[in-house]
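Okay, structure first, notes after.
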2 protein chains.
Amino acid sequence: MNYYTISQLAEQFDISTRTIRYYEERGLISPIRTESGQRLYTKKDRAVLKLILRGKRFGFSLEEIHEMISLFDNDRTGRKQLEKTIAYGEQKLKEVTERIEDLMQLKQEMESILSDFRERLQKLEGTK
Amino acid sequence: MNYYTISQLAEQFDISTRTIRYYEERGLISPIRTESGQRLYTKKDRAVLKLILRGKRFGFSLEEIHEMISLFDNDRTGRKQLEKTIAYGEQKLKEVTERIEDLMQLKQEMESILSDFRERLQKLEGTK
DNA sequence: ATTGACTTTTACGTAAACGTAAATTAAAAT
DNA sequence: ATTTTAATTTACGTTTACGTAAAAGTCAAT
């Protein structure tokens, strides 16, 4: 298993190193360190970063993303903990589903507006 | 046709009046005024506000939303303008489609993680 | 007519999510 | 060995999207 440096990840995702360090400040990602203190990122860290960026694109706050990440990498073994995690996950799943439906409606509207514009353009072309 | 006051809209959408005035500051919404200067919102204004809030839920910035709104209420008649508007709309439509696909993938992943957790819970229940 | 609820503008404050710069140290390249 | 490039921490700055408060005018109800 080999590692990524911070600038490699920054380049891959087209974000700044500051941004990556900021996510670490906020507890979202935890790279290991070399003896001299340099950060090294595993594939898993990379995957987490990808998750963070995806969450951001959907308008989730870093705090929300933080919670969702704990859902993913969490080793909760207790029954109570498991139930809590499942309940939280179900709620988030519901939110995601709602967003999808919402977005699909938006898509519909945009398509109808677009076809309206296209029609107008057709008419203009006709009278040229 | 009758009007809404700012606090009526604020209540309907569960946002502050400050927020609505801020959207106006940014040029996203333009209510008419009474002689004394009070803002009055039409149904159309209400629809625009709804659009803004939806855009926000999807993580669009007010600036992006502004652009998308001009797409909706815009009376562009020139051929060049129409073509530009259509091109912009198609691009946004593509973005929305990508987001939907992205979200559906996220949904899949969450579902699989959840079923994994549920399985674990089952096993725990079994050994009780 | 006056109280109370609502609205307006102006303006300063704030949290989130970084940007940017400085000083220092380490790694990579020549 | 020494330049160049990349990394680290610290810390102050900035933008977006509002919150909050003050001062003053207005509308609605009693």
Side-chain angles (χ1 to χ4, degrees), chain A residues 1-42 45-46 48-70 92 95 99 102, chain B residues 2-42 45-46 48-70 92 95 99:
Chain A
M1 203 191 216
N2 61 2
Y3 299 100
Y4 303 100
T5 70
I6 193 167
S7 57
Q8 283 171 345
L9 281 190
E11 197 187 343
Q12 286 177 36
F13 291 109
D14 196 31
I15 56 181
S16 72
T17 57
R18 174 70 174 95
T19 296
I20 300 179
R21 291 195 193 96
Y22 180 66
Y23 294 159
E24 183 177 347
E25 265 182 57
R26 298 291 310 272
L28 295 180
I29 194 169
S30 305
I32 58 164
R33 302 286 188 123
T34 65
E35 280 182 26
S36 66
Q38 227 185 97
R39 291 169 174 83
L40 291 181
Y41 298 86
T42 65
D45 291 327
R46 207 192 102 105
V48 168
L49 185 52
K50 208 170 176 181
L51 262 175
I52 296 171
L53 297 176
R54 184 161 59 184
K56 291 235 69 193
R57 283 200 304 282
F58 301 146
F60 290 110
S61 73
L62 289 183
E63 193 47 43
E64 288 175 290
I65 296 171
H66 189 133
E67 284 175 347
M68 297 180 74
I69 285 176
S70 1
K92 281 293 161 189
E95 282 177 38
R99 274 193 203 209
D102 222 354
Chain B
N2 62 1
Y3 299 100
Y4 302 100
T5 70
I6 193 167
S7 58
Q8 282 171 346
L9 281 191
E11 197 188 343
Q12 285 176 37
F13 292 109
D14 197 30
I15 56 182
S16 73
T17 57
R18 174 69 175 98
T19 296
I20 299 179
R21 291 197 193 95
Y22 180 67
Y23 294 159
E24 184 177 346
E25 266 182 57
R26 298 292 310 272
L28 296 180
I29 193 169
S30 306
I32 59 165
R33 303 287 188 123
T34 65
E35 280 182 26
S36 65
Q38 231 186 92
R39 291 169 175 84
L40 290 182
Y41 298 86
T42 66
D45 291 326
R46 206 192 103 108
V48 168
L49 186 52
K50 209 171 175 181
L51 262 174
I52 297 171
L53 297 176
R54 185 162 59 183
K56 291 235 67 193
R57 283 201 303 281
F58 301 146
F60 290 109
S61 73
L62 289 183
E63 192 47 42
E64 288 176 289
I65 296 171
H66 188 133
E67 283 175 347
M68 297 181 72
I69 284 176
S70 1
K92 282 293 160 188
E95 281 177 39
R99 273 193 202 206

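What you are looking at is a predicted structure, and each value in this text was computed from that prediction instead of being measured. Side chains are part of it too, since the values below use all heavy atoms of this structure and drop only hydrogens, waters and symmetry mates. Order of the sequence lines sets the chain letters (A, B, ...), proteins ahead of strands, with each chain counted from 1.
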- [ ] Classify the nucleic acid contact of A/Ser61 as base, sugar-phosphate or nothing, counting any heavy atom under 4.0 Å across all strands shown.
- [x] sugar-phosphate
TODO: Could you state the atom-to-atom distance from CD of B/Glu24 to C1' of C/dT7 in whole Å?
DONE: 13 Å
Task: B/Glu11 CD - C/dT7 P separation (whole Å) - done: 11 Å
Open item on the list: Measuring to OP1 and OP2 of C/dC18, would you say a side-chain N or O of A/Ser16 lies under 4.0 angstrom away?
Closed with: no
Task: A/Arg18/A/Glu25 salt bridge by N-O under 4.0 Å criterion - done: yes
Open item on the list: Taking the side chain as everything from C-beta on, heavy atoms only, tell me whether B/Tyr41 gets closer than 4.5 Å to B/Ile29.
Closed with: yes
Task: Any A/Tyr22 side-chain nitrogen or oxygen under 4.0 Å from OP1 or OP2 of C/dG19 - done: no
Open item on the list: Please confirm whether the shortest side-chain N or O distance from A/Arg21 to OP1 or OP2 of D/dA6 is below 4.0 Å.
Closed with: no
- [ ] Tell me whether the guanidinium CZ or amine NZ of B/Arg99 lies under 6.0 angstrom from the six-membered ring centre of B/Phe60 and within 45° of its axis.
- [x] yes
TODO: Using a strict 4.0 Å threshold on nitrogen-to-oxygen distance, state whether A/Glu24 and A/Arg33 make a salt bridge.
DONE: yes
- [ ] To the nearest Å, give me how far apart CD1 (B/Ile20) and P (D/dC18) are.
- [x] 11 Å
Open item on the list: Quick check on C/dT8: is either OP1 or OP2 less than 4.0 Å from any side-chain nitrogen or oxygen of B/Ser36?
Closed with: no
Open item on the list: In whole Å, I'd like the distance from the CD atom of B/Glu35 to the P atom of C/dT7.
Closed with: 18 Å
- [ ] Take the protein atom CD of A/Glu25 and the nucleotide atom P of D/dT8, then report the distance between them rounded to whole Å.
- [x] 13 Å
TODO: Classify the side chain of A/Arg18 versus the base of C/dT20 as yes if they form a donor-acceptor pair under 3.5 Å and no if they do not.
DONE: yes
Task: Presence of B/Thr5 side-chain N/O under 4.0 Å of C/dC6 phosphate oxygens OP1/OP2 - done: no
TODO: Name the residue closer to the 5' end of DNA chain D, choosing between B/Thr19 and A/Tyr41 according to the nucleotide with the nearest heavy atom.
DONE: A/Tyr41
TODO: Would you mind telling me which of D/dT9, C/dC18, C/dT8 lies closest to the side-chain atoms of A/Lys56?
DONE: C/dC18
Open item on the list: For C/dT9 and B/Arg33 - does any side-chain N or O of the residue sit under 4.0 Å from the phosphate oxygens OP1/OP2?
Closed with: yes
Open item on the list: Can you confirm whether more than 12 heavy atoms, excluding those of A/Glu11, are under 6.0 Å from its CD atom?
Closed with: no
- [ ] For A/Leu40 and C/dA26, give me the distance from atom CG to atom C1', rounded to whole Å.
- [x] 13 Å
TODO: Identify whether any heavy atom of A/Thr17 sits under 4.0 Å from a base atom; if not, whether one sits that close to sugar-phosphate; answer base, sugar-phosphate or nothing.
DONE: nothing
Open item on the list: Rounding to an integer number of Å, can you tell me how far A/Arg26 CZ sits from C/dA15 P?
Closed with: 12 Å
Open item on the list: Expressed as a whole number of angstroms, how long is the span from B/Phe60:CZ to D/dT16:P?
Closed with: 18 Å
